[in-house]
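All ligand and atom numbering here is 1-based and tracks the order in the structure. Index from 1, following the sequence.
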Amino acid sequence: MGNNSEVTKTIALEKYGIKKAHVNYQLTPEELHDITVSKGLGVEAASGALAVDTGEFTGRSPKDRFIVKDDVTKDKIWWGDVNIPFEPHAFDKLYNKVVDYLSEKELFVRDCYACADENYKLKIRVINEYPWSNQFAYNMFLRPTEAELEDFNPEWTIVNAPGFMAVAEEDGTRQHNFAILNFTKKIALIGGTGYTGEIKKGIFSALNFILPVFKNTMPMHCSANVGKDGDTAIFFGLSGTGKTTLSTDPNRSLIGDDEHGWTNENTVFNFEGGCYAKVINLSRDNEPEIFDAIKKGAILENVILNDKGDVDFADTSITQNTRVSYPIHHIENIQVPSIGKNPKNIFFLTADAFGVIPPISKLTPSQAAYHFISGYTAKVAGTEAGVKEPVPSFSACFGAPFMPLHPAKYAEMLSDKMIKAGVNVWLVNTGWTGGPYGVGTRMKLKYTRAMINAVLNGDLGLYNYDDYHIHSVFGVAQPRSCPGVPTSVLSPRSTWNDDEAYYTTAFKLTNAFRENFKKFEAHCTEEIRRGGPQRYAF
Ligand code: ATP
Ligand code: MN
């Protein structure tokens, strides 16, 4: 170093089995940005943001996500298609191959943590092959202070080697890419994929095991924000249903956009230190806060830039899942630290491409439990040729791919907390209106925001059931009017021009609900089963 006053701390990776690596420890995001650009691994967009291509994978690969089955996990995990077991010795063998691969390379190492609440803090060391993946870790995890870094003892390690390709037959993987959680060694081992979402969702999955099992705390795949009176709102929903979009509200302080814990001390805390927003069709008019967060420090993924360096947000030639990550302070109105009180309102977001679920409705406690376990949204045509009809998609707890325990465990915790906190639960259809996908249109963001604001401002006549209509198929309470929303939009049937087609489609969906719920029936009380739709096609 030469200059004593500016000793740059570094760390050795030998104890991880990584030999003779050139370690870049705790670089600033500016340094990582510059290194990425100088190595030709990314370019700077006109906004100042870094733009990278994540390579072969532009989304997570749930079929290549494994959990090591050993004494810590074998009796607790809900093994199956979602939580696929991996042999401990196979893990060790593959780990050794990965660290050999990383040896003698230039690597990027960062110490950071998850969980904004001191009592739940999980210290993490991230070891990346690529500089931009390490900048992603800076954006998405919480950033320790200088003092905290003095003697930082990371509990979990993420080893991220996108350039390492597994050999399925030798390594026990399905194909060349993998994301494996080892709860005994406290390692997330990721290889063969550069998709950054694997890094953040790896730690999310780990916390979804650690918090309920060891800390009696409820982890949630939801966004959260808080109003001027300190009232917290949380938004559950599967990918693309609007968690990030709707929690980013200039009039409410953002707690976080994706992963939270609900403690027994009546608080909600963010796991992360940043946001990861979809940018498909993003416009400054519709989503100014997210648009303006795309500046130096942000990382755009898999977008197309024109010759001036501007992003064409409509261009999906690489993927529909174009993204940007940024540290949470790129948003103006944020809660510091990222902690709120017990939620007053919970929104279940669904992008119903059948266009039959009301745009907003109030749920009873049994309906809330039923819909939480069902976790419904729909997938639309687009990727696969010939797919014209929407396909219902159910994902328990609105996040099954990240939930290592049986869904009933999370559902019990949520029901219990909802009842104790006296929270209101709303089902919000951010999907189609006026007909199904292909006939109708996506619900206007302006209307969805108006409906949510009406709930949060207490404008929906919560205590007067004359203000509601019980939906004949779904049994949910649909408000008759809502400030800022045309009355006709509130009733999905009246937005269709064809009653018969509406009911036929609605029954198609309720049948899918019933079929999906069968596997949970044995675990559910009569009370919860009653929360399902009221009418089906036989
Ligand atoms: P993920 O879990 O993958 O992060 P998410 O739930 O955070 O997903 P968003 O990133 O908020 O989802 O994506 C919602 C997308 O749908 C955005 O591109 C948004 O612009 C678009 N959209 C269109 N209409 C609406 C609406 N009425 N409400 C919410 N989002 C809408
Ligand atoms: Mn999101």
R65 to F178, cation-pi by 6.0 Å centre distance and 45° axis angle: no

Backbone or side-chain N or O of G240 under 3.5 Å from ligand 1 N or O: yes

Closest to atom 16 (O) of ligand 1 (judged by heavy-atom distance), picking from R442, H221, M451: R442

Sub-3.5 Å N/O-N/O distance, D257 and ligand 1: no

Nitrogen or oxygen atoms of L246 and ligand 1 under 3.5 Å apart: no

Test item, R323 contacting ligand 1 (heavy atom, 4.0 angstrom): yes

Within 6.0 Å of CG in D81, more than 12 heavy atoms from elsewhere: no

Nearest-contact summary for atom 17 (C) of ligand 1 - protein heavy atom, Å: T245 OG1, 3.6 Å

Protein contact to atom 2 (O) of ligand 1 [nearest heavy atom, distance to 0.1 Å]: K243 NZ, 2.7 Å

S239 near the Mn ion (ligand 2): N/O/S under 2.8 Å: no

Over 12 foreign heavy atoms within 6.0 Å of NZ, K295: yes

Closest candidate by heavy atom, reference atom 18 (O) of ligand 1, pool L282, T322, N286, I280: I280

Proximity flag L238 to ligand 1, non-hydrogen atoms under 4.0 Å: yes

Closest protein heavy atom to atom 29 (C) of ligand 1, given as residue, atom name and distance to 0.1 Å: L445 CD1, 3.7 Å

